[in-house]
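If you're wondering where the values come from, they're calculated on a predicted model, not measured in any experiment. Residue numbering restarts at 1 for every chain, and letters A, B, ... go by the order of the sequence lines.
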Protein chains: 2
Amino acid sequence: MKRSLADRIEQYIKVLIDRSEEKQIEIQRAELAETFCCVPSQVTYVISTRFQEKYGYLTESRRGGKGFVRITRFTISSDIYTIMDGDKLFDFVNELMGKKMLDSESGNMLKHIVLSASSDLDDEQRKHLYNSVARALSEYLNLN
Amino acid sequence: MKRSLADRIEQYIKVLIDRSEEKQIEIQRAELAETFCCVPSQVTYVISTRFQEKYGYLTESRRGGKGFVRITRFTISSDIYTIMDGDKLFDFVNELMGKKMLDSESGNMLKHIVLSASSDLDDEQRKHLYNSVARALSEYLNLN
DNA sequence: ACGAAGAAAGTCAAATAAAGTCAAATAGGA
DNA sequence: TCCTATTTGACTTTATTTGACTTTCTTCGT
């Protein structure tokens, strides 16, 4: 079972993230390509296929001199909070704060933002937003 | 995290502003260039790319003898980004984190949640969400 | 007071560095 | 075989660095 180059690069990046303090790394695309003796676009391929948002990663980058690719990991979860309304979301956030899984700074900010951002949505969209936020939050906190 | 010359100059200036009483500094372009062993226009480059109004800075200058560059920091409001897209929202959040107005814990969480929550929206709704979040965030942080 | 000299900052474009895009070629598995 | 994932490289876009040249002030000598 010979692993492809792409697989090996993927593993390498994941190890780097594991070892990082913030679950976040910054790499130079060209340097990594050098390490694996491949073209730089191979790295782009790996990042774009394996480190997508749906797999729990956020990537940002900058071109030009001293450019970089930053990859941040969040852990994916299944969606347990499928039926979520505003109150439940707030209860959920409060509970997380109570359990010290979310600091009150972040929790309060989130409540404010969600409330404000949902104020001009219709019921359908609002419910959708609450669900997305609940899911994203539990992903972020590595619940489930 | 290797930083470019431009990044280092940017940091240096930001520290000076942090330490200043009035959130305002006056520098001599040539002197700063001397400090960093670079050409003066490098400083101009940094100022014009990093200390723009949209990032919450006002710059003024005078040429000739006793010339100077004055940089003033003010609190940004989301209104500056009239049409907010994902990148601008992320810039906004990154900028706030850089200014320590938002801790990196909260900022990273927010980026994740917004990205995740916007993934299954159409362009119209996504843009709307970004704007709402930007507005809500600046409300929360008491900007404006 | 006036004009010339010198001091600073600005402008702009070239050179270089790095990442992204895209599509053709190839490999591997059902 | 046929389909999908991978590999490669030519070309594009964006960011940084540098330096020659321009503009705008201040100062100084007359």
Side-chain angles (χ1 to χ4, degrees), chain A residues 1-14 16-17 24-55 57-72, chain B residues 1-14 16-17 24-55 57-72 85-92 94-95 98 115:
Chain A
M1 204 261 282
K2 186 84 162 50
R3 286 154 84 231
S4 68
L5 216 202
D7 289 339
R8 285 183 287 121
I9 294 173
E10 176 190 2
Q11 276 315 113
Y12 183 84
I13 292 174
K14 286 183 171 172
L16 290 184
I17 296 175
Q24 179 178 89
I25 58 163
E26 273 182 24
I27 55 172
Q28 308 247 191
R29 189 183 75 145
E31 196 182 280
L32 190 50
E34 179 78 16
T35 303
F36 284 91
C37 298
C38 64
V39 294
S41 57
Q42 176 73 274
V43 175
T44 303
Y45 172 72
V46 172
I47 289 167
S48 66
T49 55
R50 273 79 156 166
F51 294 88
Q52 297 166 6
E53 203 268 330
K54 65 178 177 182
Y55 298 132
Y57 295 90
L58 168 67
T59 68
E60 299 165 278
S61 70
R62 198 169 71 192
R63 301 185 186 192
K66 296 290 192 302
F68 61 82
V69 176
R70 178 162 54 227
I71 305 175
T72 309
Chain B
M1 184 151 73
K2 288 176 291 190
R3 284 292 197 35
S4 66
L5 216 202
D7 289 337
R8 285 184 285 120
I9 294 173
E10 176 191 2
Q11 275 312 114
Y12 183 83
I13 293 174
K14 286 182 172 174
L16 290 184
I17 296 175
Q24 177 180 91
I25 57 162
E26 273 182 25
I27 55 173
Q28 309 251 191
R29 189 183 75 146
E31 193 183 282
L32 189 50
E34 180 76 17
T35 302
F36 284 90
C37 299
C38 65
V39 295
S41 58
Q42 176 73 272
V43 175
T44 304
Y45 171 74
V46 172
I47 289 166
S48 67
T49 55
R50 284 38 176 195
F51 294 87
Q52 299 166 5
E53 192 190 341
K54 64 178 183 177
Y55 297 131
Y57 296 90
L58 168 67
T59 68
E60 302 163 278
S61 69
R62 202 167 68 203
R63 302 182 185 193
K66 296 285 194 317
F68 61 83
V69 177
R70 178 161 53 225
I71 304 175
T72 310
D85 62 20
D87 285 345
K88 286 182 187 156
L89 176 57
F90 275 37
D91 283 350
F92 183 43
N94 286 334
E95 189 66 28
L115 189 61

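Here the closest heavy-atom approach between residue A:R62 and residue A:K66 is recorded as NH2-O, 4.0 Å. Shortest non-hydrogen contact noted between B:R50 and B:S4 is NH2-OG, 4.4 Å.
Taking only side-chain nitrogens and oxygens, B:Q28 never comes nearer than 4.0 Å to OP1 or OP2 of C:dA8. Distances shown here put every side-chain N or O of A:S48 at or beyond 4.0 Å from the OP1 or OP2 atom of C:dG20. For B:R62 and D:dT26, the shortest distance from a side-chain N or O to OP1 or OP2 is below 4.0 Å. Within the structure, a side-chain polar atom (N or O) of B:R50 is placed less than 4.0 Å from OP1 or OP2 of D:dT16.
Contacts of residues 30-44 of chain B with DNA chain C (heavy atom under 4.0 Å): B:A30, B:S41, B:T44.
Note: B:L115 CG to A:Y57 OH = 15.0 Å, rounded to the nearest 0.5 Å. In this structure, CD1 in A:I25 is found 8.0 Å from CG in A:L32, a value given to the nearest 0.5 Å.
Counting to the nearest Å, the C1' atom of C:dA9 and the CZ atom of B:R70 are 14 Å from each other. When the P atom of D:dA15 is taken as reference, atom CD of A:E60 falls 14 Å away, rounded to whole Å. Atom CD1 of A:I47 and atom P of C:dT21 are 11 Å apart (whole Å). When the P atom of C:dA19 is taken as reference, atom CZ of A:R63 falls 11 Å away, rounded to whole Å. We find that CZ of B:R29 is positioned 13 Å from P of D:dG19, with the value rounded to whole Å. Remark: P of C:dA17 and CG of B:L5 are 14 Å apart, rounded to the nearest angstrom. Residue A:K66 contributes atom NZ, which lies 9 Å from atom P of C:dA17 at whole-angstrom precision. The distance from atom CZ of A:F68 to atom P of C:dA17 is 19 Å, rounded to the nearest whole Å.
Listed candidates were C:dA9, C:dG20, D:dT7. Nearest to the side chain of A:A6 is D:dT7.
Contact annotation for A:G67: backbone-only contact, meaning every heavy-atom pair under 4.0 Å involves sugar-phosphate atoms and none involves a base. Residue contacts for B:Y45: at a heavy-atom cut-off of 4.0 Å it reaches a base atom on one of the strands shown.
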Step-by-step side chain to side chain contact (heavy atoms under 4.5 Å, CB included) determination, B:F51 to B:I17: CA-CA 12 Å; B:F51 294 87; B:I17 296 175; 4.3 Å; yes
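Checked for salt-bridge contact, B:K14 and B:E95 meet the test: a charged N lies under 4.0 Å from a carboxylate O.
Under a 3.5 Å cut-off, the side chain of A:Q28 and the backbone N or O of A:G67 do form a donor-acceptor pair.
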